[in-house]
Each structure stands twice: as C-alpha cells, then as structure tokens.
Amino acid sequence: MEATARPDPDSDTPAHRYSGVLAQEIEARWHDRWDTEGTFNTPNPVGPLADASGFATRPKKFILDMFPYPSGEGLHVGHPLGFIGTDMYARYMRMTGHNVLYTMGFDAFGLPAEQFAVQSGQHPALTTAKNVETYRRQLRRLGLSHDRRRSIATTDPGYYRWTQWIFLQVFNSWFDPERKVARRIDELIAEFDAGTRVATTGDWKTMSASERRQELDKWRLAYVSDAPVNWCPGLGTVVANEEVTADGRSDRGNFPVFKRNMRQWMMRITTFADRLIDDLDLLEWSDAIKAMQRNWIGRSEGATVHFAIAENISERITVFTTRPDTLFGATFMVLAPEHPLVDQLTTPAQADAVAAYRREAEAKKDFDRQDAGREKTGVFTGSHAVNPLSGEQIPVWIADYVLMGYGTGAIMAVPCGDQRDFEFARKYKLPITAIQQPPDRSLDTATWPDAFVGDAPYVNSDNGSLNLGAVTNINEGVRLTNEWLAKNGHGEATITYKLRDWLFSRQRYWGEPFPIVYDADGNPHSLPDSVLPVALPDTDQFSPRLFDPDDAMSNPESPLDRLPEWVNVTLDLGDGMQPYRRDTNVMPQWAGSCWYELRYIDPTNENDFVDPANEAYWMGPQGKNADGTQHPGGVDLYVGGVEHAVLHLLYARFWHKVLFDLGYVSSLEPYHRLFNQGYILAAAYQDDRGMYVDALGVEDRGGTQYYDGKPVKREYGKMGKSLKNAVAPDDMCAQYGADTLRLYLMSMGPLDASRPWESKDVVGVHRFLQRLWRNIVDEDSGELRLLAAPADDETLRVVHRTIASVREELDHLRFNTAIAKLIECNNHLTKLGGCPADVADIVVKLVAPLAPHVAEELWAKLGHSDSITYESFPVADPAMLVTDTIEYPVQVNGKVRARITVASDADSTTVQAAAMADEKVQASLAGATPSKVIVIPGRMVNIVL
RNA sequence: GCCCGAGUGGCGGAAUGGCAGACGCGACGGACUCAAAAUCCGUUGUCCGCAAGGGCGUGUGGGUUCGACUCCCACCUCGGGCACCA
C-alpha cells in the first residue's frame, strides 16, 4: 500500500479540502505548538513539578496505559488502541475540570530486547534507545496528550536505582503472620531480642552472628532458596511459574521447561495470598480478571490430617484434604513417588517394584504427568496407615497422579467420592466404602459407574465419638470433623494455595542487577542506598549461554559471571574492608513494571522514589466505593491487555502492598479501575505450503484471495509480525491523518471487544471529518463559511441531545457510540447546508477529545487564540432535551400498527383515547373490544385483545 | 471436565424489559466529469406484492411478561482462562 496521500497537485480537488495532506499539515503544526507551550504538562501539589497554575487543587484523574515494550518493529495499529482510548478520556477529563496525570513510559528491560540485540549484534542499550525513540515519534504523531516530562524507561539508571531500592525494602522486610502485614526486619530483631518472638532455628540469645543472619534470612520477603525452579535451557535462564504455559513450555520462545533444584532469589508473595484475594473486592475490575487471579492464587480450605503408620514407624503421613468430612471413606493412601517417606515405607518385598516405578515417574516430564485423561498407575509400598477415624489399617501406595508440588504430596484416597481415587481403586481392586447415601444408588459400590460427588446424607460415619449421621450438609460435616481432629491431635483446619513464591532471578544480561553482595561464607548482604544504582556493567558479551532446549541437566551461566572485575569487590559494610562477590543474576522484566505508575507521579525526585504528598494526591483513597466498601486508592483508570491478568497485575499488587505496609504509599492497591481493551485482529493469509504471506500484497478477486497470482487461504488473527498482517499507524496517518486513524480505531466497536481491522472502512470516519470541516470552512478559500442565521429550534435540539449523549458515552468509555452521535449531529448540519455560527463553538468542543488536531484548527479559525485543551466541555440545556409533542408507537397484541402524536404532558387517559381513535388502530382491532390497554408514559401504547 | 465471555443484515456494530438493525463499510441508482477517481444526493434485513400493504426475523428449544435481542431454564456453536490442585 502506498504511504502517500491521495490528492495530487494536478487534481481539481479544492485547495482547502480536509484531505490526508491537509490533515497532516494541521497535525504537525499542532504537535509543535503543544510541545512549545507544554500544553499537557500537569502540575503536582509539591516538588519540582509543582507550579502556580492552581490546577493541583482541581479534582484529579490518573489515567494509565500498560506501558509498552519497545520492539524493533515499531507500533502497528493494534498497539495504540488502548492509548487512543485513554487519550480521548484524558482530554475529556481536562475539559470537565480535572487535573489529569497522563503519560507514557517504556518497559525496556527483558528478554526480547536482549534477543533482538543478540540477533543484530548491537548492544541492547543502543537498540533499546533507538526503539524508544521510534515509539516516542509514533506516539507523538497520534496526538497523544502525554506529559512527556514524566516519561520514564525502566532501563534508565535513574529509574532502576529505585527498582533496586524497592528490592532492598522487600529484602529488609518480613511478614508478621499475626498482623498479616510486612514489617521492617529491625522490628523482628527487636522482637527476638525482647523474647516476644521465638526464633525458628535455635535460641536467639545464644546464636552467633552468622546464625542470627541465617535465622533472619528465613524471614525475609526476598530470600535465596535452593528449591525446584523452572529451568529453561533454550533460554539459558530460569523462569517464574507464571511464565510457564499449560503444556510445560516457556511463554517466550516456547522452549521446554524442566523442574530443577537451583539456588535462586524468591519473593514471599504467598504470604500475601489472602490479601491479594480479599482486596479484589475493593477493585473495579472485570469479574473475568478477578476470577483469573483467584484461580491462580488457588485458595482452598480444608484440613491437614495426620495418619499413623501401622508398621512401627514413628513418622506420620500428613495429607491435605478439602473434604475432611469424607475421612470415614478413606480406604487407602497415595504418596507422590518423590515423597520423602517412601523409602521408609517400602517393604523389602516391594522394593524393586517401587524403585522401578519411581525411576519411570522421574523420567516423565511434569507436563506428561498432568494429563488428567491418562490411565492411573501406581505401586503398593507394602506398608499400611491407620485411618484416625475408623481405626482401620489402610494400604499406602505411590502413584504419579499425586503431585509433590501441591498440598503435602500425599493424599487420603476416598474412592467413593473422588473420581481419580475411584478409578485407581477399581484398577487395583482396592476397597470402596460408601459414606453417603446417594439418592439414586444403592450402598453397594460394586454397582457404581463412578464416584458420587454431591450433597447426600452421611452413612457409615460414626465411630462413637464422632457421628455425622444427623448432619445434612457438607459445611457442617467439615466443621465437626475438623473439631474432632483438633481435639484428638490428628489434624487441624488448614488453608492451602496453588500460588507459589515468586522466582525473582534470571540468568540474563538485560535487567536490573541485584543490590546484593555475598561474603566469604556465601551470606547475602544488602548494599547501602548510597551506592545505588548498582549499574549494569558494560560488555559486548551480553548473551547468556544457551543450551539444547531439551538438555534438562545443563546449568545456567549468567553473562555477569564473565566479568570478574565487576563481580569481585572490596567494601566496608560495617565490618571493615572485606572482599565480596556481587550477585550475578538480574531481576525479571516484571520488576520494572511493578511500580512505574508511582514514578510517573514524581519522575525527577532525587531523594525519594515518590514524594508522599504527591502520591497521596494522585493515588490516595477517595472516600468510599459506590457499594460502600473502602476505596483502596490507586490510579483512576488502567487500560491494557488481558494477557497480564496473572503476571504483571499480581506482582505489581504484591509490591504495592509491601510498600503500603512499610508506610511508603497511602493507597492499598495500585490500580483501582482496570479496563481490558480488545485486540485488533486482521486477515492473515497462508500459501499452499502453510507459510504466511504479506497481507498487504494480497488481492481480492471476487471473494477469492491471491498472492503473487496464487490463491491463498484466509484466517483472522491478532495483528502482528508472526502472521505478517501488521498495518503501520504511520501509513494510515500519511494517508488520512492521525485524527482519522483515531476515530476509526475507536468507531470499530466497543473498546473491550476484539475486532478485525479493515483498511477499506477507514474512509468512513475520514468522510465525517471532511464534512465537519466543510460545514465550517470554505474548501476553496480556507475561510470560515458559517451560516449567519441563528440555529433553528430543531438544530438546537439536535445539538443539545448530542451534548447529552456524547457526555454519557464518554463517561462510560463508549467511544464508538459517541462518534456515531457526533456523525448524526454533523449529518444534520450538512443537511442545513453548513454550521450555524452560534453553535460552531459547541460542535468543535464536542469533537475535541476525539479528534484533537482538527478541533484545535477549527477552534483557532473560529477566532480563539488559546488551545481548546482546557475549554470547558459543553453542558446540555435540559429545556432543549424535552419536546412539546411525543410520537407514541401503538401496538396491538405486541405488534406496532400505528403511530400517534400527542402533547408530551398528556396523561395516560388522553394518550389511550388518541390511540383508540386512530384509524389504523381501529382497522387492526376490526371491531373487537380490547381486554386491556397499557400506556407507558413517554414510551408506547399496547392494546391487548 | 471446571470457570468466564460472546452469538443481531453481505461486513464492523447499535439498542440491556418498550418502534430491532443507530453509525459506518460495501452494494445499487442518480448528480458532477470527455472519462475515471474524489465529492455530493438517494435506496439498501428478508420474503410475497406493480403498489397499497402484509408475512417472517436477534444461535436452538422452552418459560416469565401486556410486551423479550434484553430476564429465567436447558441445549448448540465459537473465543478466552484453568485443569489428576486432593
């Protein structure tokens, strides 16, 4: 497609027609003026960005986009969908008297930047800076009203200095399990010193300095752990659980991921699990996203139950169950093959079988073990456990359908009520005892086709001291059993989570270095604030060692390991000058995006990551939510894709809560209202080899598509490089102007819906702007051509109805219908032959948030010298919204048969009489007498026969 | 399997208990033009009919209601998330 504008100089197109060429000329001029005048600079209450405008006393709106990763390809038209929505809203908010914080930063650390650098042979710092430049230019061209003084990139040392500082706050904190808040590690030391809290590894008073250090490390919210992590040889790094797809591969690069024990940084996000679930209730997020977060955290309530072992082994087997009330039906136990008690439990007779089974299970990847459809397999250990309720001895098996990573890695099997246990019991001829009386089955489980799951009266559930016979619901059964277990020392009520602690280190180059050094004994020490940032050292060896993607036994080698002069340092950390080794990991890409909205507030603050007064103004709680719950604070509107539902959004909430607990921020949550925009889809085409071909080169001939003369297959998918169906915003701006692109993207449908891009449809909104222009400006002279006569009554009503509905639609982010209303209004003006002079200001203001460049130009032509940005948005005159007469549709038996016009204040009797008198109504009635007439005032009449 | 969404003209979509299809694309007809593009005006759910007019119509089947795209129940299809989670 040609990226040039349509009209050529030879054509007879009027010189001042609103064409792509003119639009670009206008837009470039306004971009310069906005920059020169600092039109979108937003003042803070205090600090370097405070000013005397008085704006900082206005009500505030903090409007935020999920900031982009600046890729080498630049933007395609799908990327700015959300950005344009927030820009329209931000501009509307400015015109309704708000002080608006709106800017854009760049999430520039991370794997893709590093991979792009490796491919191109250029340093990621260079490619990133270049890409950010491209993005800034493209975003500017779209007319986004960002306060550019507040823009940051996560790779700026002035930014990641504070990312490292927050890491140190997390490192120097612990979770108080009683108060359920993060507290400073100093307060833990004070509690140990005072004896009000007992250390877990020994007597605090007699511990050596090194022992005390190790005790404290066990409490820290950021800690080094030697635990199973996701090792991805194809990427050369470990990745977080959240970055592993359902089929056991990395979400970046789609490489296999293996569980391996490795020494890595973790963050104790699990301690915040309850608050991360509970506080979702305070947020205006979609139920879908809330459900995804709840699912991921995976809270389940139940009990731990301890089973004694019959064969004289002192250890007990501990299980977690959500259905302790079914304990009477536990007829065997199953341990994960990796369970630590398996060796002790295995009898000599079973040793070979158990060893063989464990080898087999180990060889399988985690993913293969998690296929629910697989036939269950297992081996008897030879030992028995004692059911604490029934006293019966039940066999202990191992099977790979039980996972070491969830609960305790062991289960009590209740085959009558659990389908997995039922299948296993059938296969290995294990007993199945009914403990509930299903309504449609006998108690003879041999006749059952499957496990019975549901509410039914308990049977066989009485051991003399616990009797569930009279219990009618599961909750009551669970409660009674938990009580009995606790009283008799066999267990207690317990809550478990699917959420694991957050794996926080990566063996890559392009990320934030850890502000941590290790002493000669390998103990981690935090570096003081004064040496931050720990700068990422320069090197041309920025690729980590990559391995065969299937080489599970390979070991990570971080690029920073290769820089001994950086790694080895001599420092005085309080014990005199000592040699230390720097941590050679870098933080995951999510670190930088965990707090960027806070830095937007105070981007130039050298002393603080954000001034508390500025944070309180922009993000502090705003009274009560609409439903009366506490307002948690946070940004007023956060727009972004649904793909971050459990990654960025969970991590950022966690960090924010830690900062809240430590008293650094006043907001409980970072993002009060979240809006997930849809994706822009586009047709993609495959040739006969299944290769994608450049969608821009495909021709349509009578419904069949051809590329290079050969037919191709069409499908629709997310716009992007991989499907070769990207459309560049620069091309669209060149052809029609940015205002047209903005309107088209927003008019395609609601912001939260995904929808296909059709380049041929763009011309529709372009024609609208052209007509709007022509209604105000003479296309030949470029001078105003307003109608001198005052707007007639009908026009005034149209204009005021438009004001009312545009306000209504913009308040609810319904840009598509707002645009439709404006088109309707403009079509009315077109029929008049132009815009009456006395409504021109109003019409231009209505368009301003949506198509700001053309609005500024028209505003200037109308004789105003200031930017339209801070003009007040029109308010509809209520008198103009009511009419003297109303047309009522008249239904006979629910079908519209006639229309009558009556005075708008006519009462029901009058309306009914007018309806009955109508001749079409009489014809439809055909002489019959209505049994009922319903009159809905202002709406309609329905005559029922 | 479980949890969310969504199914409306040729196409994108509008209407959330009260006139289904706003607005736009496309298509068709007309104006302008030597012609084309651009622009402007008009028609456009579908079927029957020359017309007036009428029948049908929001994935399928049932229900609530004077009235259902909208609410309820069951099902079908598509999209997304989770999945041997005890």
Side-chain angles (χ1 to χ4, degrees), chain A residues 6-8 11-14 17 19 246 286-296 298-300 302 319-323 326 334 336 369-374 376 399-403 405-414 417-421 423-424 496-498 642-643 645-646 703 743-744 747-750 752-768 770-771 774 779 805 814 816-824 826-827 830-831 887-899 930-936 938-945:
Chain A
R6 210 183 299 278
D8 61 273
S11 79
D12 50 4
T13 304
R17 170 163 290 171
S19 63
S286 72
D287 290 340
I289 295 281
K290 288 185 182 182
M292 281 161 75
Q293 291 227 336
R294 286 197 189 96
N295 258 331
W296 188 263
R299 176 185 157 110
S300 53
V319 304
F320 173 75
T321 174
T322 54
R323 292 292 304 276
T326 64
V334 186
R369 283 180 54 174
Q370 290 186 14
D371 176 7
R374 238 173 81 237
K376 301 200 170 12
D400 65 6
Y401 80 89
V402 175
L403 307 172
Y406 185 77
T408 63
I411 62 158
M412 63 180 212
V414 183
D418 184 287
Q419 187 57 27
R420 294 159 299 179
D421 299 343
E423 286 167 25
F424 195 79
T496 62
Y497 303 89
K498 207 176 74 177
V642 72
E643 69 272 19
V646 290
L743 287 188
Y744 174 63
S747 69
M748 295 162 76
D752 55 358
S754 293
R755 46 206 192 258
W757 172 272
E758 289 292 350
S759 292
K760 70 176 170 54
D761 291 359
V762 179
V763 70
V765 284
H766 187 65
R767 285 179 190 144
F768 158 58
Q770 213 164 55
R771 281 196 289 266
R774 187 158 46 226
E779 289 190 330
S805 29
R814 293 190 295 247
N816 54 330
T817 45
I819 293 166
K821 303 287 182 190
L822 287 169
I823 293 176
E824 264 180 289
N826 190 57
N827 287 349
T830 304
K831 283 198 169 65
E887 190 186 73
Y888 278 76
V890 182
Q891 297 181 340
V892 176
N893 282 341
K895 285 191 195 299
V896 179
R897 296 298 177 184
R899 287 166 210 289
S931 63
K932 199 174 183 182
V933 179
I934 290 132
V935 178
I936 309 295
R939 285 291 190 175
M940 65 180 316
V941 180
N942 191 9
I943 300 168
V944 185
L945 292 180

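All values below were derived from every heavy atom in this structure, side-chain atoms included, with hydrogens, water molecules and symmetry-related copies excluded. Chain letters run A, B, ... following the sequence lines, proteins first, then strands; residues in each count from 1. No experiment lies behind these values; they were computed from the predicted model shown.
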Counting primed atoms, P, OP1 and OP2 as sugar-phosphate and everything else as base, the B/S/- map of nucleotides 11-20 of chain B against protein heavy atoms under 4.0 Å is -SSS---BB-

Of the listed nucleotides U39(B), C3(B), C84(B), the one nearest the side chain of Asp400(A): C84(B)

With P as the reference atom in both, quote the distance from G10(B) to A6(B) in angstrom, rounded to an integer. 23 Å

Under the 3.5 angstrom rule, does the side chain of Asp421(A) hit a backbone N or O of Val414(A) as a donor-acceptor pair? yes

Under 3.5 Å, is there a donor on one side chain and an acceptor on the other for Ser300(A) and Tyr406(A)? yes

Work out how far the C1' atom of G9(B) is from that of G24(B), and round it to whole angstrom. 14 Å

Both Val646(A) and Phe320(A) contact RNA chain B. Which one's nearest nucleotide lies toward the 5' end? Val646(A)

For Arg897(A), all residues meeting salt bridge (charged side-chain N to carboxylate O under 4.0 Å, His left out), sequence neighbours excluded: none

Could you work out the separation of U8(B) and C3(B) based on their P atoms and round it to a whole Å? 25 Å

Out of A22(B), C40(B), C4(B), which has the shortest distance to the side chain of Arg771(A)? C40(B)

Say we look at A37(B) and G26(B): how far apart would their P atoms be, to the nearest angstrom? 12 Å

Per atom distances to the Ala288(A) side chain, the nearest of C4(B), C82(B), U39(B) is C4(B)

Heavy atoms from C-beta onward define the side chain here; which of A86(B), C82(B), C66(B) lies closest to that of Val944(A)? C66(B)

Residue of the set Ile934(A), Val944(A), Asn942(A) for which side-chain contact (heavy atoms from CB on, under 4.5 Å) holds with Gln891(A): Asn942(A)

If the cut-off is 4.0 Å, is Arg774(A) near the phosphate of U39(B), judged by side-chain N/O to OP1 or OP2? no

Comparing Ala291(A) and Arg897(A) on RNA chain B - which has the more 5′ nearest nucleotide: Ala291(A)

Testing the basics here: between Lys376(A) and Phe424(A), what is the closest heavy-atom pair and its distance to 0.1 Å? CB-CD1, 3.9 Å

Using a heavy-atom cut-off of under 4.0 Å over every strand shown, decide if Lys498(A) touches base, sugar-phosphate, or nothing. base

For G9(B), does the O4'-C1'-N9-C4 or O4'-C1'-N1-C2 angle fall within 90° of 0, making it syn, or is it anti? syn

Salt bridge (charged side-chain N to carboxylate O under 4.0 Å, His left out) with Arg299(A): which residues, sequence neighbours excluded? Asp274(A), Glu301(A)

Is there a donor on the side chain of Lys821(A) or the base of C23(B) sitting less than 3.5 Å from an acceptor on the other? no

Has Gln419(A) got a side-chain N or O lying under 4.0 Å from the OP1 or OP2 atom of C84(B)? no

Hits for ring-ring contact (aromatic ring centres under 6.0 Å, His included) against Phe320(A), two or more places apart or cross-chain, chain-then-number order -> none

Which of the following nucleotides, A22(B), G55(B), C85(B), is nearest to the side chain of Arg420(A)? C85(B)

Taking only the P atom of each, what is the distance from C23(B) to C75(B) in whole angstrom? 40 Å

Of G24(B), G55(B), U39(B), the nucleotide closest to the side chain of Asn827(A) is G24(B)

Asp418(A) meets the salt bridge (charged side-chain N to carboxylate O under 4.0 Å, His left out) criterion, sequence neighbours left out, with Arg420(A)

Between G12(B) and G79(B) - P atom distance, rounded Å: 16 Å

Expressed in whole Å, how much space separates the C1' atoms belonging to A14(B) and G45(B)? 14 Å

Stems in RNA chain B, runs of 3 or more consecutive Watson-Crick or G-U wobble pairs with both distances under 3.5 Å, sorted by first number, are B:1-7 with B:76-82, B:10-12 with B:23-25, B:26-31 with B:39-44, B:45-48 with B:53-56, B:59-63 with B:71-75

Base, sugar-phosphate or nothing for Arg299(A)? Non-hydrogen atoms, less than 4.0 Å. nothing

What interatomic distance, in whole Å, is found between C1' of C47(B) and the corresponding atom of C66(B)? 29 Å

